[in-house]
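Fair warning: this is a prediction, and the values are worked out from it, not measured in the lab. As a basis for the values below, the full set of heavy atoms in this structure was taken, side chains included, without hydrogen atoms, waters or symmetry mates.
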Amino acid sequence: MKRKRDSPDATTMSACVDDGNSSSGTEFEVFLSFRGPDTRLNFTDCLYHSLVKAGVRVFRDDEEIRKGKKIEGELLHAIESSKIYLPIFSRNYASSKWCLRELTHMLESSSKANDKVILPVFYDVNPDDVKLKTQLYINALKKHQKKLSHNEVRQWREALTKVARIKGWDMKDKSHGEIINTIVDEVLIKLMKRMQNLPDHLVGIHDHVEAIMDMLNEGSCDVRYLVIHGMGGIGKTTLASVVFNKISNQFQGCSFLLDIRESTQQGRIVDLQKQLLLEILQGGSLGIQNSVDVGINTIRERFRGKKVLLVLDDVGNRDQLSKLAGKSDWFGPGSRIIITTRDINFLPIKGKDKESSFQAHSQEFQIYKMTEMDFFHAHKLFSKHAFGMDLPPHDFVDISRQITTKTGGLPLALEVIGASLYGESKKFWKGTLQKLELVPNQEVFNKLKISYDMLEPHQRDL
């Protein structure tokens with residue numbers, strides 16, 4: 001297959017593939033191995049573009065332009081840097097020396113690293129064909145045997161039979177679109193593409209996570225809204241992120257929308273709808289243009305058959321919610337919508353406002369209130385950021401305990417103030433404590449501002 005820049009997204013494969021080894025610095029995630037004439041214009045092309053749209057860096061090889069006998073240069077780098085190998089076994093796959101060499105190298109590479117995996121696709125063959133239990137691939141190997149060394153062909157036999165025993169996808173009599181969606185989902189899970197970034201130090205969150213998991217009741221088929229509420233800086237988003245990472249692989253589609261309150265104030269509600277559609281459907285935003293109403297209708301129509309996990313972070317009012325997750329029957333059975341908010345008064349949890357545009361029912365809501373950290377966990381989190389240890393050095397015990405008390409058990413304040421004190425002198429610490437003593441416990445913003453004002457200009461930018 002001649003390499004081409006099919007679309008701007010093709011840069012994820014390599015923007016300079018035509019230039020020999022100029023792309024050798026690119027780190028790929030998925031390596032597609034296939035016999036060009038069999039699948040290049042149909043299944044492989046659709047799979048490639050679906051993976052690219054999902055944000056995966058894919059390398060697809062053209063075995064027909066390869067010369068020589070050794071895998072090297074760009075091709076070698078692509079195989080060794082990839083974490084997932086997708087060999088697409090078609091009727092003529094075994095007739096290609098390069099496909100077999102790639103397969104052997106993929107097997108060797110995956111055997112040396114625990115984080116690499118082979119996911120075979122049996123396109124128009126049976127696993128038994130690849131296991132050499134039929135004549136299809138056996139005949140192809142016999143032809144190779146006439147021209148090549150016995151040792152190399154033996155390696156190919158072993159590679160085929162080993163890979164054929166790995167659980168993959170049998171394409172016979174299956175819908176291409178359905179299988180491609182399944183493959184993309186599996187690849188995203190393996191690459192942890194659905195994972196949210198978490199803070200380096202997670203302290204005292206285990207009990208919160210367990211409580212949320214119980215309330216989500218994963219095994220039930222109802223559509224459930226779970227609301228995490230509490231004051232700013234208390235750790236709602238972090239808790240939602242941990243839960244999201246823990247359960248996202250159980251859903252057909254996932255989306256985590258951050259800072260909804262701020263985005264809405266900036267007039268970006270349509271952008272949030274587009275992001276939601278993009279992440280759940282792993283494709284475009286389906287032409288909703290700049291119409292909120294079209295976005296609502298598209299979300300409702302396209303998600304009602306899908307089991308989805310949706311996190312709406314920092315929701316400020318009912319209108320924001322109604323435009324992103326306005327009614328439970330927008331989503332397929334088993335879907336979960338997690339909401340973080342500072343205030344729950346706008347939610348219909350008491351059966352009020354039945355005529356409201358937000359039509360979720362009160363019984364569909366589970367409410368979880370985040371509380372301040374206890375002193376033990378607060379002190380540990382502060383010490384992690386202030387000293388890089390679970391406990392402070394002996395000569396800093398008293399002052400660190402005093403500062404921890406003054407933060408009011410708020411994770412964000414503990415992290416920011418702790419980080420601002422890292423490596424500073426005792427005199428600097430005492431000055432910070434004096435400033436904190438002038439601020440009432442509930443005034444979190446002023447506490448954070450104290451630590452912000454102590455930073456250097458370049459640190460403030462960060």
Side-chain angles (χ1 to χ4, degrees), residues 1 6-7 9-10 12-13 28-61 63 82-94 96 99 102-103 106 110 116-131 134 136-137 160 163-194 248-254 277-284 286 302-309 332-334:
M1 177 175 59
D6 339 72
S7 68
D9 285 329
T12 58
M13 176 180 73
F28 297 100
E29 295 174 308
V30 171
F31 185 92
L32 289 179
S33 176
F34 60 97
R35 180 72 170 121
D38 290 352
T39 68
R40 84 154 60 104
L41 297 179
N42 43 63
F43 178 79
T44 297
D45 189 62
C46 292
L47 175 59
Y48 166 74
H49 285 287
S50 295
L51 288 167
V52 168
K53 284 182 179 179
V56 179
R57 298 189 299 276
V58 187
F59 186 98
R60 55 176 174 180
D61 187 39
E63 86 284 3
S82 295
K83 292 184 177 180
I84 295 178
Y85 305 117
L86 288 172
I88 301 171
F89 293 116
S90 56
R91 297 193 66 81
N92 295 303
Y93 185 93
S96 166
C99 285
E102 287 175 354
L103 187 70
M106 289 186 289
S110 63
K116 295 179 183 289
V117 62
I118 299 176
L119 301 175
V121 178
F122 303 97
Y123 177 70
D124 55 0
V125 298
N126 293 314
D128 280 350
D129 295 322
V130 187
K131 292 176 183 176
T134 69
L136 181 63
Y137 278 19
L160 286 168
V163 173
R165 289 196 292 266
I166 299 172
K167 184 179 179 181
W169 293 274
D170 189 344
M171 293 290 300
K172 279 202 169 183
D173 303 319
K174 299 286 180 62
S175 162
H176 285 194
E178 180 182 354
I179 294 293
I180 285 174
N181 288 338
T182 303
I183 293 173
V184 172
D185 281 346
E186 184 70 15
V187 167
L188 292 175
I189 291 170
K190 297 290 187 187
L191 293 174
M192 299 176 71
K193 281 283 186 179
R194 290 173 167 169
S248 61
N249 63 354
Q250 302 170 28
F251 295 82
Q252 293 174 295
C254 303
L277 288 163
L278 175 66
E279 292 180 350
I280 298 290
L281 301 177
Q282 298 166 6
L286 303 176
R302 297 305 300 267
F303 292 175
R304 62 175 48 176
K306 281 183 170 289
K307 178 184 177 183
V308 304
L309 173 62

Quiz item: Minimum heavy-atom separation for Ser248 to Cys254, with atom names?
Solution: O-SG, 3.2 Å

Quiz item: Any salt bridge between Arg91 and Asp129, counting N to O under 4.0 Å?
Solution: no

Practice problem: Assess whether side-chain contact (heavy atoms from CB on, under 4.5 Å) is satisfied between Leu51 and Leu86, documenting all intermediate values. | Solution: CA-CA 12 Å; Leu51 288 167; Leu86 288 172; 4.1 Å; yes

Exercise. Identify, with sequence neighbours excluded, every residue that meets salt bridge (Lys or Arg N to Asp or Glu O under 4.0 Å) alongside Arg304.
Key: Glu301

Quiz item: How far does CD1 of Ile180 sit from OG of Ser50, to the nearest 0.5 angstrom?
Solution: 5.0 Å

Exercise. Measure the CE-CD1 distance between Met171 and Ile183 for me, rounded to the nearest 0.5 Å.
Key: 6.5 Å

Self-check item: Close side-chain approach of Leu47 and Ile88, heavy atoms under 4.5 Å
Solution: yes

Quiz item: Should Asn126 and Lys131 be marked as a side-chain contact (heavy atoms from CB on, under 4.5 Å) after you check the CA-CA gap, both sets of side-chain angles, and the distance that decides it?
Solution: CA-CA 9 Å; Asn126 293 314; Lys131 292 176 183 176; over 6 Å; no

Quiz prompt | Closest contact, heavy atoms only, Ile166 versus Ile118 | solution = CG2-O, 3.4 Å

Practice problem: Give me the ring orientation class for Phe43 and His176: parallel if the planes are under 30° apart, tilted from 30 to 60°, perpendicular past 60°. | Solution: perpendicular

Practice problem: Determine the minimum heavy-atom distance between Gln252 and Gly305, stating which atoms define it. | Solution: OE1-O, 3.9 Å

Quiz item: Between the main-chain N or O of Val117 and the side-chain N or O of Lys83, is there a donor-acceptor pair closer than 3.5 Å?
Solution: no

Quiz prompt | Over all atoms of both residues, closest heavy-atom pair of Asp38 and Tyr123 | solution = O-CE2, 4.3 Å

Exercise. Starting at OH of Tyr85, measure out to NZ of Lys116 and round the result to the nearest 0.5 Å.
Key: 4.0 Å

Quiz item: Atom OH of Tyr48 and atom CG of Leu32: how far apart are they, to the nearest 0.5 Å?
Solution: 9.0 Å

Quiz item: Which pair of non-hydrogen atoms, one from Pro87 and one from Leu103, has the smallest distance, and what is that distance?
Solution: CB-CD1, 3.9 Å

Quiz item: What pair of heavy atoms forms the shortest contact from Ile179 to Lys174, and how long is it?
Solution: CG1-CB, 3.9 Å

Exercise. Please state whether the rings of Phe31 and Phe59 are parallel, tilted or perpendicular, taking 30° and 60° as the class boundaries.
Key: parallel

Practice problem: Check the pair Ser33 / Tyr93 against side chain to side chain donor-acceptor pair (under 3.5 Å), numbers first and verdict last. | Solution: CA-CA 9 Å; Ser33 176; Tyr93 185 93; 2.9 Å; yes

Practice problem: Find the distance between NZ (Lys307) and CZ (Phe251) and round it off to the nearest 0.5 Å. | Solution: 5.0 Å

Quiz prompt | Residue pair Leu119 / Trp169, side-chain heavy-atom distance below 4.5 Å | solution = yes

Quiz item: Quick one: which of Asp124, Val163, Thr39 gives a side chain to side chain contact (heavy atoms under 4.5 Å, CB included) with Phe89?
Solution: Val163

Practice problem: Check whether any side-chain heavy atom of Arg60 lies under 4.5 Å from a side-chain heavy atom of Asp45, and answer yes or no. | Solution: yes

Quiz prompt | Gap between atom CD of Glu102 and atom OG of Ser96 - 0.5 Å precision | solution = 7.0 Å

